[in-house]
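Ligands are counted one by one from 1 in listed order, and the atoms in each one are counted from 1 as well.
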Amino acid sequence: MLPRLKSLNVLASGTDLLVSLDPKVRVRLADPDGSVLALLRLLQDGSRTPDELAAQVGSDVRPVLDHLDRLGWLEDASARSPFDAHDTERYFSNLAFFDAFTTLSLPRDEPQERLRASHVLVLGAGGLGSAVLMNLAGLGVGALTVVDQDLVELRNFARQFTYTEASLGQPKADRVADWLRAFDPSLRVASERRRVESTEDVAELIRATKPDLVVSAIDEPDEVDRWVNAACVAAGVPFVRGGLAYTQGLYWSVDPGRSACRECLERHRERLAGGVDAEIVDVPRVLRQDRVNRAIGPVAGVLGGLVAMEALRYLTGLGEPVAAGRYQLLDFAGDCSTSSDAWPADPDCPVCATALVPA
Ligand SMILES: [Zn+2]
């Protein structure tokens, strides 16, 4: 092992050192004789084993190294990367981000390897779906399956950047697959032009493609969330859903057998409904409401990024999912402030009862 110090901001304040990796966290270390700074300097190039470090500073450094590792300041410079020079360069920024989570025993290549080994099924390649796909491709998710029924239309271009006017009238599923293959020829991309019309449709797609995660970026018909939920929970496949309600962006996810599911929410609507919502539970709609999709490019981009971020948590295990059984909301008409609203798991939920909990 060759412990190497990550990039830290180290300041001297009298006989103390003020050290931060994350600017939000500052650690004060007493260093009256300068030995701590000397050790940090020796750790900077990651060329010395713990024994060599001990020989240089004249004392056992292992307890100090353990402490620095718990602070998240160290990585192992001797960890062998599974990636060749091309992939290391391609994923340069991902690896730098994962550096924030790594320790001496968790190399930063590991999350990237998990992403490369992952397969995500994306339902819908419209505004949100195409933004999620672009992000998943950038993260290096190894295999992507896209399902969409629509053709490229001129009105799509305000928010769907994987298409061009040359693709007008052509299936989005195929054109977005072209975009993905051109973006990264090493990705395994499959596309299917079809409509999702039942729980069984989603279950069949899951059986056929065996994804690690599903992203649902379709919002019609109204029942689609319940179909995706029922199929994913029964198959033990987590899913992330994003969408826009008027000008409020939202995303949520379901971790089968671990978080509340969508059906739990349906079963609790009455109990959860407060204020203006309490009046409308179980009251029929009497005037047709036309569906208006108000998503513009920045909205699709931000939501697509947040959905991909939640996917990243599921696929790599770096941090717990933040939207499992919980609405995450963004106010796009205002200052983009965020709020969060969890719903409870229903112990009698018939869908949760089918949950296949992944090992
Ligand atoms: Zn449930």
Side-chain angles (χ1 to χ4, degrees), residues 118-124 128-129 132 147 196-245 248-275 277-278 280-283 303 306-315 317 319-329 338-359:
S118 296
H119 179 188
V120 178
L121 167 62
V122 178
L123 303 175
L128 178 66
V132 172
V147 175
V196 171
E197 294 182 303
S198 65
T199 300
E200 182 48 32
D201 279 359
V202 183
E204 186 188 305
L205 283 164
I206 291 174
R207 276 196 300 274
T209 62
K210 299 184 176 54
D212 300 293
L213 179 86
V214 171
V215 169
S216 179
I218 39 180
D219 49 16
E220 57 180 341
D222 289 340
E223 300 84 2
V224 72
D225 287 339
R226 295 176 87 166
W227 298 338
V228 173
N229 181 67
C232 285
V233 171
V237 178
F239 75 99
V240 189
R241 164 81 157 102
L244 189 69
Q248 179 160 253
L250 55 98
Y251 69 101
W252 46 274
S253 69
V254 169
D255 194 359
R258 297 201 177 101
S259 76
C261 83
R262 178 69 192 189
E263 199 65 26
C264 294
L265 173 65
E266 300 294 338
R267 292 167 63 83
H268 280 271
R269 270 198 192 284
E270 198 162 343
R271 191 157 73 71
L272 293 177
D277 287 342
I280 60 165
V281 170
D282 293 332
V283 175
L303 274 179
L306 290 168
V307 167
M309 200 66 208
E310 181 78 342
L312 175 70
R313 296 185 189 100
Y314 277 104
L315 297 173
E320 290 292 309
V322 301
R326 171 181 287 275
Y327 277 110
Q328 296 286 355
L329 303 156
T338 60
S339 58
S340 175
D341 195 5
W343 67 85
D346 179 346
D348 301 319
C349 171
V351 172
C352 281
T354 69
L356 181 70
V357 180

Point to revise | N/O donor-acceptor pair under 3.5 Å between His119 side chain and Thr209 backbone | key: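 Pair found, side chain donor or acceptor close to backbone of Thr209.
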Point to revise | Short side-chain to backbone donor-acceptor contact, Arg267 and Asp348, under 3.5 Å | key: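 Side chain of Arg267 to backbone of Asp348: a pair is present.
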Practice item. Please examine the side chains of Val322 and Tyr251, heavy atoms only from C-beta on, and report whether any two atoms are closer than 4.5 Å. Key: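 Touching, per the 4.5 Å side-chain cut-off.
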Practice item. List the steps, then state whether salt bridge (Lys or Arg N to Asp or Glu O under 4.0 Å) holds for Arg326 with Asp341. Key: CA-CA 5 Å; Arg326 171 181 287 275; Asp341 195 5; over 6 Å; no
Exercise for review: Indicate yes or no: does Glu310 engage Arg313 in a salt bridge with an N to O separation below 4.0 Å.
Suggested key: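 Counted as a salt bridge, because a side-chain N and a carboxylate O are separated by less than 4.0 Å.
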Practice item. Could you give me a count of protein N/O/S atoms that are under 2.8 Å from the Zn ion (ligand 1)? Key: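 Number of qualifying protein atoms: 4.
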**Study point:** Any donor-acceptor N or O pair under 3.5 Å, side chains Ser253, Tyr314
**Key:**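 Short answer, yes.
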